[in-house]
Asks: 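Next up is a structure, given as structure tokens.
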Amino acid sequence: KEHQLSEMQAAHSRVLEAKREEATKQLREVKIEVREAKLEAGRQTREAEMKARDSIHEAQAEAARQMDEVAEEKRATEAERESVRVQLSREQREMRAAVEAELRK
């Protein structure tokens, strides 16, 4: 009877050892999966950050280009305004000279 008990305890110990080994194996696999998931999440985060930086740089470049366009349009408008002012001043002088010439007659 004692021998039977001893064999049962040995069999029970083997079963427990096999379960422990299986649990250890599963834990190792889960740890690997977690590590891989963290690496993938890190990669995706870096990729998203790069895309965000690219978008920001593109938006900044577009804003700078638009500001340059506005500044150029403003310079063109100012130049046109000055040209019109000079033209009006010249026409005003010519009209004044014509009126004075007419009055001298």
Side-chain angles (χ1 to χ4, degrees):
K1 207 164 190 171
E2 225 175 272
H3 180 65
Q4 252 183 342
L5 183 61
S6 181
E7 281 184 25
M8 286 176 60
Q9 287 175 338
H12 185 64
S13 289
R14 285 192 298 275
V15 167
L16 289 177
E17 180 62 22
K19 285 182 178 181
R20 189 189 65 74
E21 286 176 5
E22 180 61 26
T24 301
K25 179 183 170 192
Q26 288 177 354
L27 178 61
R28 201 175 6 236
E29 289 172 358
V30 167
K31 284 181 178 180
I32 290 170
E33 289 173 10
V34 167
R35 191 176 317 123
E36 288 173 351
K38 285 180 180 178
L39 289 172
E40 177 62 17
R43 186 193 66 73
Q44 288 179 359
T45 299
R46 285 188 300 280
E47 186 176 305
E49 288 170 346
M50 283 176 28
K51 285 181 181 179
R53 275 194 297 275
D54 288 348
S55 294
I56 289 169
H57 291 147
E58 287 173 16
Q60 288 172 333
E62 177 62 19
R65 187 189 63 72
Q66 288 178 359
M67 287 174 62
D68 289 346
E69 278 182 16
V70 168
E72 182 56 37
E73 288 172 8
K74 184 178 177 184
R75 280 191 291 274
T77 300
E78 290 297 324
E80 189 176 330
R81 189 175 291 147
E82 180 62 17
S83 173
V84 168
R85 190 189 66 70
V86 168
Q87 178 69 26
L88 285 174
S89 180
R90 185 179 329 120
E91 289 175 3
Q92 207 173 20
R93 281 194 308 275
E94 290 171 358
M95 286 177 67
R96 194 177 297 129
V99 167
E100 288 174 359
E102 198 60 39
L103 289 176
R104 276 186 252 140
K105 286 185 182 176

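These figures come from a predicted structure and were not determined experimentally.
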Asks: Linking directly or through intermediates, with side-chain heavy atoms under 4.5 Å: list the remaining ILVMFWY members grouped with Met67, chain and number order.
Replies: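 Cluster partners of Met67: none, it stands alone.
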Asks: Can you run down the salt bridge (Lys or Arg N to Asp or Glu O under 4.0 Å) pairs that involve residues 48-57, sequence neighbours left out, and say none if there aren't any?
Replies: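 As it turns out, the salt bridge (Lys or Arg N to Asp or Glu O under 4.0 Å) pairs with a partner in residues 48-57, which skip direct neighbours, are Glu47-Lys51.
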Asks: Sorted by first residue and then second, give each salt bridge (Lys or Arg N to Asp or Glu O under 4.0 Å) pair with at least one member in residues 55-71; sequence neighbours left out.
Replies: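 Sorted result for residues 55-71: Glu62-Arg65, Arg65-Glu69.
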Asks: Mark yes or no for whether Thr77, through its side chain, and Glu73, through its backbone, hold a donor-acceptor pair below 3.5 Å.
Replies: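 Confirmed, Thr77 side chain pairs with Glu73 backbone.
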Asks: Once side chain to side chain donor-acceptor pair (under 3.5 Å) is applied, do any residues pair with Arg81, and if so which ones, sequence neighbours excluded?
Replies: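 So Arg81 forms a side chain to side chain donor-acceptor pair (under 3.5 Å) with Glu78.
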Asks: Does Met95 sit in a hydrophobic cluster with other residues, and if so which ones, taking ILVMFWY side chains as linked at heavy-atom separations under 4.5 Å, directly or through other members?
Replies: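 So far as hydrophobic clustering goes, Met95 is joined with none.
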Asks: In the hydrophobic clustering (ILVMFWY, side-chain contacts below 4.5 Å, transitive), which residues join Met50, or is it alone?
Replies: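 Same cluster as Met50: nobody, lone residue.
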Asks: Cluster partners of Leu27, using ILVMFWY side-chain heavy atoms under 4.5 angstrom, listed by chain and number?
Replies: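 Members besides Leu27: none; it forms no cluster.
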Asks: Please enumerate all residues that pass salt bridge (Lys or Arg N to Asp or Glu O under 4.0 Å) together with Arg75, with sequence neighbours excluded.
Replies: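 By the salt bridge (Lys or Arg N to Asp or Glu O under 4.0 Å) rule, Arg75 matches Glu72.
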Asks: Show the atom names and distances, to 0.1 Å, of all donor-acceptor pairs under 3.5 Å that link a side chain in residues 4-14 to residues at least two apart or in another chain.
Replies:
residue	atom	partner	partner atom	Å
Glu7	OE2	His3	NE2	2.5
Ser13	OG	Gln9	O	3.1

Asks: Among residues two or more places apart or on two chains, list those pairs meeting salt bridge (Lys or Arg N to Asp or Glu O under 4.0 Å) that have a residue in residues 86-95.
Replies: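 Qualifying pairs: none.
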Asks: Under 3.5 Å, side-chain donor or acceptor atoms of residues 15-22 against the rest of the protein: list the pairs with distances, not counting sequence neighbours.
Replies:
residue	atom	partner	partner atom	Å
Glu17	OE1	Arg20	NE	3.3
Glu17	OE2	Arg20	NH2	2.6
Glu22	OE2	Gln26	NE2	3.1

Asks: What salt bridge (Lys or Arg N to Asp or Glu O under 4.0 Å) pairs are there with at least one residue in residues 23-40, not counting sequence neighbours?
Replies: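 Every salt bridge (Lys or Arg N to Asp or Glu O under 4.0 Å) pair that includes a residue of residues 23-40, provided the two are not neighbours, is Glu40-Arg43.
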